[in-house]
Amino acid sequence: MSSQSSGVPHHIAIVMDGNGRWATRRFLPRVAGHKQGVESLRRCVKACVDRGVGVLTVFAFSSENWNRPVEEVSGLMDLMVIALGREVPKLTQDGVRLHFIGERGGLSDKIAAGLIQAETATAHNTRLVLNVCFNYGGRWDIARAAAQLAARGEPLTEANLDAAMALSHVPDPDLFVRTGGEQRLSNFLLWQSAYAELFFSDRLWPEFDEAALDEAIEAFRRRERRFGQTSAQVAGGERRDPQAA
Ligand code: IPE
Ligand code: IPE
Ligand code: MG
């Protein structure tokens, strides 16, 4: 059964928030929470593969997270290097294709090389597309796409912008999840989430397990996506996904 016909969202986007609070509550340094966050991501990726989700896009480091204390930022960068080394072989085996989304200019040579290596190693995989947004911001994405079009002398149409955006290789997210209890977007997928269903979980990211994911998917199943139409039109099967226009 395809993910669509089973009611499972094809593309899930997640703001993985709450690592710092998870650690602080345990009297641990914040970086310990980020380490636990990597474990939680591994579990979530597997759960998405098992449930037939096609695309998972996660927010790992925002354009604004550079404003955190220096030791937390360097801890997060170190963790990225460690995670690349440890996780990529397993992801390769599990059929996961990795894409890193974000500004690479500000990253160290080591990380930048690691991202390319991981993308190349998993390029043949087809079970799940995993987009890791790292040094990413929704405004960065839109501005960069507009600048690319301007440089090429192309008109700034919706279709052209869409094609120039960082997630042009996948359809828009169906379900947008944020853990950690905050109900805001924090500059994640501003353009792409135009018609995503929003789900806010009070669980901190390290505690977001399979049951929590199923709760989000179940909430999604109960939503009626109208894409601007009326309920009667949707019930009559006239549904028109704006992306399919
Ligand atoms: C999200 O967890 C991970 C990153 C932003 C890198 P936080 O570190 O924001 O955790 P809280 O929100 O402070 O608990
Ligand atoms: C969003 O979380 C970024 C990531 C999860 C990577 P933040 O913790 O940075 O968001 P704010 O600052 O609470 O809005
Ligand atoms: Mg946070």
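Here the structure is a predicted model, which means the values were calculated and not measured. In listed order, ligands and their atoms are each counted from 1.
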I'd like to check which ligand 2 atoms, numbered from 1 as shown, lie under 4.0 Å from a non-hydrogen atom of R68. 7 (P), 8 (O), 9 (O)
Counting non-hydrogen protein atoms only, what is the nearest one to atom 11 (P) of ligand 2? Give residue, atom name and distance. S186 OG, 3.6 Å
With a cut-off of 4.0 Å, which atoms of ligand 1 are near a heavy atom of R21? 11 (P), 12 (O), 14 (O)
Whether the D172 and Y195 side chains hold a donor-acceptor pair (N or O, under 3.5 Å, no angle test) is what I'd like checked. no
Nearest-0.5 Å distance, CD of residue E197 to CZ of residue R223: 5.0 Å
Determine whether the side chains of R178 and S186 contain a donor N or O and an acceptor N or O closer than 3.5 Å. yes
Nearest protein heavy atom with distance in Å, relative to atom 13 (O) of ligand 1: R30 NH2, 2.9 Å
Side-chain ion pair, R26 and E207, N-O less than 4.0 Å: yes
Mind telling me whether F208 and W205 have parallel, tilted or perpendicular rings, with 30° and 60° as the class edges? parallel
Atoms in ligand 2 with a heavy atom of F61 nearer than 4.0 Å: 6 (C)
Going by the atom numbers of ligand 1, which of them fall below 4.0 Å from some non-hydrogen atom of D17? 1 (C), 2 (O), 7 (P), 9 (O), 10 (O), 11 (P), 12 (O)
Considering only heavy atoms from C-beta outward, does the side chain of S193 approach that of L185 to under 4.5 Å? no
Would R178 count as a contact of ligand 2 if the rule is a heavy atom under 4.0 Å away? yes
With heavy atoms only and a cut-off of under 4.0 Å, state how A60 meets ligand 2: side chain, backbone, both or neither. backbone
Regarding D17, does it place an N, O or S atom less than 2.8 Å from the Mg ion (ligand 3)? yes
Sub-4.0 Å atoms of ligand 2 with respect to non-hydrogen atoms of V15: 1 (C), 5 (C)
Within a strict 4.5 Å, meaning less than it, do heavy atoms of the L167 and H169 side chains meet? yes
Taking the ring of F188 and the ring of F59, is the distance between their centroids below 6.0 Å? yes
Specify the protein heavy atom at minimum distance from atom 10 (O) of ligand 1: its residue, its atom name, and the distance to 0.1 Å. G20 N, 2.9 Å
Looking only at heavy atoms of G18, does any of them come nearer than 4.0 Å to an atom of ligand 1? yes
Quick one, E182 and F200 - any side-chain contact, counting heavy atoms below 4.5 Å? no
The protein heavy atom nearest to atom 1 (C) of ligand 1 is M16 O, 3.0 Å
Is there a nitrogen or oxygen of W22 sitting under 3.5 Å from a nitrogen or oxygen of ligand 1? no
Do K90 and E87 sit within salt-bridge range, that is, some charged N less than 4.0 Å from a carboxylate O? no
State whether the shortest distance between N or O atoms of N65 and N or O atoms of ligand 1 falls below 3.5 angstrom. no
List ligand 2 atoms under 4.0 Å from R184, heavy atoms only on the residue side. 11 (P), 13 (O), 14 (O)
